[in-house]
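Model, not experiment: these values are computed from the prediction. We name chains A, B, ... by the order of the sequence lines, and we start the count at 1 in each one.
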Amino acid sequence: MTRKCSNPRCFVHDGESCDEGNINHLECASWAAKSSEDETSEVATNNSSRVPWSGSALGLVDLTNLVPRGRSILVGVLGAQNSGKTTLLTANYLQLIKGKKVSNADFSGSRTLGAWESLAAHIRFEDSARNPSFPPHTPRGTGRVPGLLHLALRNQDEEFRDVLLADAPGEWFTRWSVKEDAPEAEGARWVVKHADAFIVMADCDRLCGSERGTTRRETRELIERLGNHVGSRPVVFVWAKSENNPPEKIESAIRQALTNSIPHAVEHRTTTNIPDTLLAALTNTVDLAWLPSSAKAVTVPVLCNQPYHAFRGHYGDS
Amino acid sequence: METPELLLLGGPNSGKTHYAGQLYGRLRRRPGVLELRNDQGTPSDLSSLDEVFNCLEEGRAAGHTPTDTWSEILLPLVDRNGRCLDLRWPDYGGEQLNSVFEQREISEKWRSRLVEADGWMILIRLESETTFDDALDQLVERPSDGSTPSARPETWDANAKWVELLQLLLHVSGTGSHKRLKKPKLAILLSCYDEVNSSQGLPCDVLGEYLPLLSSFINSNWSSDSFSVWGLSSLGVPLTPDNSNDDFVDEGPEEQGWVISPESGKQDDDLSKPLAWLLEV
């Protein structure tokens, strides 16, 4: 199908359902309206039903038909390029497939199974002579919003949450920590503004190697930049690839930055050698954001002690 | 007269036709909780089951149902309390279900069936499902050499495939999953249960062992009294298309096959039990 619908939120040309709910999209007024795209004639009418998701990572438009169904948790995964953000997410998906639980809640669906499966395919292999590989680099792209991976969870108290995981390219955050308003950091700004919780990754492998000075700088700058924006939102700080031990001074310098900028951050050490460590980091993050911090109670000041005036609230003195 | 609607879901080679053939044999010749009504006699059109009857009477496995087949047999049923039910039992090529998954498109015929169905019956043959459950362990044992090989399995893990398929079907039938589902009732039949090699006792635990993510999805989205997991061996033993099994020839196919009940885990000869549960008999 080459023709597009005039409704920008509608992806019927990509094989999804009509945004306005028509089973046959040819009956939709938005489809009939003249679109800026090319006008090829319709070949055949088609009465089959489709769904409003494609299985790929979700974009902003997709959120409009997912988020209204209940409470959602957006987790921003921050870290430099190759620090293991995608590996953390993929490993968690593979743990779910094996029946493990995130946040002690049952898996109750996902709108991005296609995206999860294509990440997982990099670790799986059919030929035993071939080695598995870590998920590839997330392309930098020019998007304003990162692709969001989705998991729906339901816990034992019957509480249902849509968990959205923002898997953004590392370059966005490296750029953002240096120059907050850089045009290429727009995606990073979006994540930081909207996330309900954060996972910040430090790459222990690079913190041990010849680039450890640069890596320390990048990690500290990221922590300090996030400290300006995070407020009271939960942060889990992950020492990824922790089978490597960074020099003590480097580790304590980073920890110092963390204590100064994000004192409420919780630390985790993860390694793919022990997949449960990766599960624990995500579980902790989702747990911390499961219930939003409660709003402060509104107190009506007592302006005078006569019951009649109290009834009239703060207009009592007039 | 009640006319319950039922949806039978099963991929190619999941045992739909064998189950239909054996179920009919039970209802007609060796009734349990459900039987065919005497006044209506035999369904007027049995042609779609003709081949499977022939094969089973000779103790051979039936062939593959043609891909684009869609036929229905009207079964006039009566339960032990005299309640009458007219059930349209569908038979179709399992590739149609695969094509729903691949095309992400559900035809109007399927959709209206989905919307009307009081219950969904799903046949899963565990031993023929592809899973990659040891991927993470392999990554630990055989560290990556840094290269990115081009060829990767394109097949989805069966867990993800079944979950996506159920999500598609639920969405198209207009069912949201924010609240636990009471309708449609869901009966999962683990077909060819005689070939399953598991230490688990109850069929629901076996499903959890083979397809944990699917099991979690069902447990989390259906209320506990609205789904049940059964073991099913329509034939009791594996049959081949070419060699005859003498038990089938001598005793008759209606003496063969069993289900494993969801609560007790005990073997039961009444193949109509899952159907009766779904129809609340």
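When each of B:Gln103, B:His171, B:Glu108 is scored by its heavy-atom pairs under 4.5 Å with chain A, the top score falls to B:His171. With chain A as partner, the option from B:Leu214, B:Ile218, B:Leu213 having the largest number of non-hydrogen pairs under 4.5 angstrom is B:Leu213. Between chain B and the residues A:Gly114, A:Ser54, A:Ala105, A:Ser17, the largest count of heavy-atom pairs under 4.5 Å involves A:Ser54. Top candidate by heavy-atom pairs under 4.5 Å with chain A, chosen from B:Asn219, B:Val172, B:Asp157, B:Leu166, is B:Asp157.
Between atom OG of residue A:Ser108 and atom NE2 of residue B:His178 there is a gap of 9.5 Å, rounded to the nearest 0.5 Å. Rounded to the nearest 0.5 Å, atoms CD1 (B:Ile106) and OG (A:Ser48) are 9.0 Å apart.
Of all heavy-atom pairs between A:Asp106 and B:Ser220, the closest is CB-CB, 3.4 Å. The shortest non-hydrogen separation linking A:Glu117 to B:Trp156 is OE1-CA, 3.4 Å.
Ring-plane geometry between A:Phe107 and B:Phe217 is classed as tilted, the angle between the planes lying from 30 to 60 degrees on a 0 to 90 degree scale.
For B:Asn159, the part lying near chain A is the side chain, with the backbone staying farther off; criterion is any non-hydrogen pair under 4.5 Å. For chain A, no part of B:Lys109 is nearby; none of its heavy atoms comes within less than 4.5 Å. Using a 4.5 Å cut-off between heavy atoms, B:Arg104 touches chain A through backbone and side chain atoms alike. Contact annotation for A:Trp53: both backbone and side-chain heavy atoms come within less than 4.5 Å of a heavy atom of chain B.
A salt bridge links A:Glu158 to B:Arg180: one of the charged nitrogens lies within less than 4.0 Å of a carboxylate oxygen.
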**Q.** Steps toward side chain to side chain contact (heavy atoms under 4.5 Å, CB included) verdict (B:Gln167, A:Val51)
**A.** CA-CA 9 Å; B:Gln167 291 188 144; A:Val51 295; over 6 Å; no
Q: Given side chain to side chain contact (heavy atoms under 4.5 Å, CB included), test B:Asn221 with A:Arg154 step by step and report yes or no.
A: CA-CA 8 Å; B:Asn221 282 322; A:Arg154 191 192 311 270; 3.1 Å; yes
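When the shell of 6.0 Å around CG of B:Asn197 is examined, it contains 12 or fewer heavy atoms from other residues, nucleotides or ligands.
Between A:Arg50 and B:Leu168, every side-chain heavy-atom pair lies at or beyond the 4.5 Å cut-off.
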